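Below is one structure; the comments refer to it alone.
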Protein chains: 2
Amino acid sequence: MPRTQAFARDDVVRAARALFWRSGYDNTSIPELEQATGLSRSSIYNTFGSKRGLFDAAVRSYFDEILRPRLAPLQAEAVEPHAVLEYLDGMRRAFEQAGSLPATCGCLLINAAGAPIGQDAAVAGLIAEYRSELRAAIERGIEAHSPGLPGERTSQLADVVTGLVIAAFALIRVAPAEAAASLGTARDLIGSAGAA
Amino acid sequence: MPRTQAFARDDVVRAARALFWRSGYDNTSIPELEQATGLSRSSIYNTFGSKRGLFDAAVRSYFDEILRPRLAPLQAEAVEPHAVLEYLDGMRRAFEQAGSLPATCGCLLINAAGAPIGQDAAVAGLIAEYRSELRAAIERGIEAHSPGLPGERTSQLADVVTGLVIAAFALIRVAPAEAAASLGTARDLIGSAGAA
DNA sequence: CCCTTTCTGTACAGACCATTACAGTATACA
DNA sequence: TGTATACTGTAATGGTCTGTACAGAAAGGG
């Protein structure tokens with residue numbers, strides 16, 4: 001009976017995600033979203049309820065399609081010894097790939113953390129959750145890389161590496177070289193901890 | 001001949017600075033600035049030329065009155081051995097002081113780094129300059145604290161501590177406890193480097 | 001083929017924004 | 001005290017924004 005939806009919801013969310021990623025929530029307008037998604041205003045509101053609803057869908061998509069896949073090897077039951085180094089290298093490559101969204105815009109969530117939308121409880125909670133997940137994944141990666149390390153040292157090293165990753169995200173837009181170097185430093189620390 | 005200015009320019013800039021700090025450039029409106037500064041629209045435009053002009057004045061004031069004084073002990077000719085630890089402790093106290101601007105809003109510049117205004121070349125340059133100054137100051141502080149440390153280790157430790165400070169700024173709004181802990185980690189690293 | 005249901009495009013409404021134009025007012029010197 | 005000068009309040013301008021209302025188009029089942 002009902003007419004079927006003529007567009008692929010996931011594609012729409014991905015297009016919106018790119019826009020929010022680039023410009024942030026407040027600085028992305030409905031007309032821009034119309035153009036990027038190919039949908040008209042009506043369909044956007046009919047499908048997502050509001051600009052905020054579309055943003056939430058974009059954030060969830062960012063979480064599932066961008067963040068989680070990178071962390072997956074560190075969240076698996078068995079973590080490869082080099083998984084944490086590969087994570088950092090992969091991130092660094094993304095940062096050095098000129099023109100890519102991570103290189104030019106950093107992290108959608110970390111950007112939101114300093115913006116007005118970051119004051120929103122739901123968004124703030126999600127960012128805190130991501131930080132916590134990142135921290136846990138990195139700690140597991142370090143454990144797999146340097147099993148002999150005392151737990152206290154592992155934990156501290158995880159704090160440091162997590163901080164360096166977040167600092168890299170925060171600075172990529174204004175100091176890309178330093179942001180990449182920050183990841184390099186994290187890599188070196190893990191390497192030398194294993195040697196010690 | 002000319003009528004003298006009836007308001008204290010510095011006070012106006014400080015009031016505007018607090019607003020920009022809390023809400024960012026885009027999310028602060030002229031009516032809000034009028035109310036906070038006590039000036040009318042005319043006087044704001046007459047004195048600062050534009051909203052952007054007032055923002056630039058606010059950023060300069062932030063640099064001179066907030067950031068620089070904290071770094072000063074690390075930029076003096078002779079740096080005290082504990083200056084870098086005191087810097088981190090002072091920052092941590094500011095972060096833990098509930099309701100204060102640093103605790104609730106982090107850093108005006110780091111927030112701007114992820115916002116649209118951070119794409120502006122002048123603002124981006126200023127943020128990069130601050131990062132570089134912070135990094136240099138921290139390195140000098142570490143040198144003063146642990147003079148025996150090899151230069152390579154000092155440099156790496158400075159990278160790490162700088163990253164942890166920036167990560168703390170980036171996360172304070174959404175994860176204040178973790179942000180403060182990040183500074184604690186930085187402190188511990190410097191302490192244990194000195195002991196080694 | 002018809003009819004119900006859903007999707008979609010256009011036009012509108014109401015609010016806010018930064019900025020400017022202009023008139024009025026207060027000052028400091030002659 | 002007069003007057004040139006600069007400061008300041010009001011009001012208007014032109015633009016943009018999100019969200020909504022409504023009409024029309026498309027699609028699937030009977």
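All of these numbers come straight from a predicted model, not from anything done at the bench. Every chain is numbered from 1 and lettered A, B, ... according to where its sequence line falls, protein lines coming before strand lines.
Near DNA chain D, meaning a heavy atom under 4.0 Å away, there are no residues from residues 17-28 of chain B.
Note: CG (L33(B)) to P (dT19(C)) measures 11 Å, nearest angstrom. Distance N46(A) CG to dC22(D) P: 16 Å, rounded to the nearest Å. Nucleotide dA18(C) holds its P atom 4 Å from the NZ atom of K51(B), rounded to whole Å. Across the protein-nucleic acid pair, L39(B) atom CG and dA18(C) atom P stand 16 Å apart, rounded to whole Å. Taking atom CG of L54(A) as the reference point, atom C1' of dG19(D) lies 14 Å away to the nearest angstrom. Distance OH (Y45(A)) to P (dC12(C)): 18 Å, rounded to an integer number of Å. One atom, CD1 of I30(A), and another, P of dT20(D), lie 11 Å apart when rounded to the nearest Å. E32(A) has its CD atom 11 Å from the C1' atom of dT16(D), to the nearest Å.
Ring centers of Y130(A) and Y62(A): at least 6.0 Å apart, outside the cut-off.
With sequence neighbours excluded, the residues that form a side-chain hydrogen bond (donor to acceptor under 3.5 Å, both in side chains) with R17(A) are S61(A), E65(A). Under the rule for a side-chain contact (heavy atoms from CB on, under 4.5 Å), the partners of A18(A) that lie at least two apart in sequence or sit in another chain are L101(A). With sequence neighbours left out, the side-chain hydrogen bond (donor to acceptor under 3.5 Å, both in side chains) criterion links S50(B) to no other residue.
Electrostatic pairing of E133(A) and R68(A) counts as a salt bridge here, judged by a charged N lying under 4.0 Å from a carboxylate O.
The residue among G38(B) and P31(A) whose nearest nucleotide of DNA chain D is located toward the 5' end is G38(B).
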Test log, rule side chain to side chain contact (heavy atoms under 4.5 Å, CB included), inputs F63(A) and E129(A)
CA-CA 11 Å; F63(A) 220 97; E129(A) 184 192 326; 4.3 Å; yes

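Taking both residues in full, the closest heavy atoms of S40(A) and E34(A) are given as CA-OE1, 3.7 Å, listed atom of the first, atom of the second, then distance.
Within the 4.0 Å cut-off from OP1 or OP2 of dC17(C), at least one side-chain nitrogen or oxygen of S29(B) is found.
A donor atom on one side chain and an acceptor atom on the other are found under 3.5 Å apart for R135(B) and S155(B).
Annotation: side chain to side chain donor-acceptor pair (under 3.5 Å) contacts involving residues 99-120 of chain B, sequence neighbours excluded, comprise R52(B)-D120(B).
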Could you list, one pair per line, each protein nitrogen or oxygen that sits under 3.5 Å from a nitrogen or oxygen of nucleotides 10-12 of chain D, together with the distance?
unit_1  : atom_1 : unit_2 : atom_2 : d
dT10(D) : O4     : S42(B) : OG     : 3.3

